[in-house]
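Right, one structure below, let's go through it.
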Amino acid sequence: MYEGLLSILRDRDTGTAEFRRASDGLAGLLCADALAGLRETGAGGLMLVPVLRAGLALLPSFVGALPDAPVAFVGVARDERTARPDLYYTRFPAVMPSRALIIDPMLATAGTACLVAELLMREGYSADAIHFAGVLAAREGLDRLARVIPRDNITLAAVDPSLDARKFIVPGIGDYGDRYFGT
Ligand code: PRP
């Protein structure tokens with residue numbers, strides 16, 4: 001279901017406008033998929049947690065499907081040399097619903113997603129109440145995140161086999177945030 005849009009995103013020759021169109025289409029599918037899984041768990045309220053910046057690319061689809069859902073913002077940037085996540089911004093709503101959905105297109109080492117999951121746990125969420133929706137993971141990142149939150153809570157369009165020396169997903173999509181925002 002995701003393949004046609006993913007191949008547009010993977011293509012190095014895809015420009016900003018086409019990348020955005022494909023990403024927006026894929027976000028709609030991913031949102032439907034993630035929310036179907038959540039409904040199976042009998043979810044109450046849901047807080048959306050886009051990870052800045054790239055998570056913002058997926059946010060409009062989720063806000064469209066859940067017009068009442070509060071949104072928490074978490075800013076994390078990977079250090080380009082060490083690939084370690086650096087937390088630079090958090091903003092949580094005053095009232096937080098029973099479940100949280102982390103939104104970030106890329107799961108590479110999963111350092112970022114695990115850091116955000118730990119932040120949510122400090123805010124009182126159990127691992128079972130934390131979900132993740134993303135476009136592409138590396139196998140080792142998915143395995144790492146699945147040791148922190150249940151595998152059934154993780155929705156992805158695709159899983160690639162490996163990471164390169166710079167901890168980029170291979171074959172991957174490149175830097176999703178840079179490509180979506182035309183950086
Ligand atoms: C990218 C991506 C994830 C993270 C994934 O963000 O959007 O947040 O890296 O890598 P990890 O699983 O190894 O932690 P980046 O740090 O490039 O920031 P950006 O969203 O501002 O581009």
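Read the numbers this way: they start at 1 and go in the same order the structure lists the ligands and their atoms.
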From CG (L66) to CE (M47), nearest 0.5 Å:
13.0 Å
Taking atom 20 (O) of ligand 1 as the reference point, report whether a protein heavy atom occurs under 4.0 Å from it.
yes
Any protein heavy atom under 4.0 Å from atom 1 (C) of ligand 1?
no
Is there a donor-acceptor contact under 3.5 Å from the side chain of D79 to the main chain of A83?
no
D175-Y180 side chain donor-acceptor pair, cut-off 3.5 Å:
no
Looking only at non-hydrogen atoms, which of M106, R78, R53 approaches atom 9 (O) of ligand 1 most closely?
R78
Side chain, backbone, both or neither: which part of D104 comes within less than 4.0 Å of ligand 1 when only heavy atoms are counted?
side chain
Contact region, D178 to ligand 1, non-hydrogen atoms below 4.0 Å, reads neither
With a cutoff of 4.0 Å, is A83 in contact with ligand 1, counting heavy atoms of the residue only?
no
Contact between A77 and ligand 1, counting heavy atoms under 4.0 Å?
yes
Polar-atom distance check: [X] versus ligand 1, any N or O pair below 3.5 Å?
X    : result
K167 : no
A108 : yes
A54  : yes

F73 and F92: aromatic ring centres closer than 6.0 Å?
no
Could you tell me if R179 sits above the aromatic ring of Y176, with its cationic atom closer than 6.0 Å to the ring centre and no more than 45 degrees from the axis?
no
Any salt bridge (Lys or Arg N to Asp or Glu O under 4.0 Å) involving residues 137-152? Give me the pairs, sequence neighbours left out, ordered by first then second residue.
R139-D143
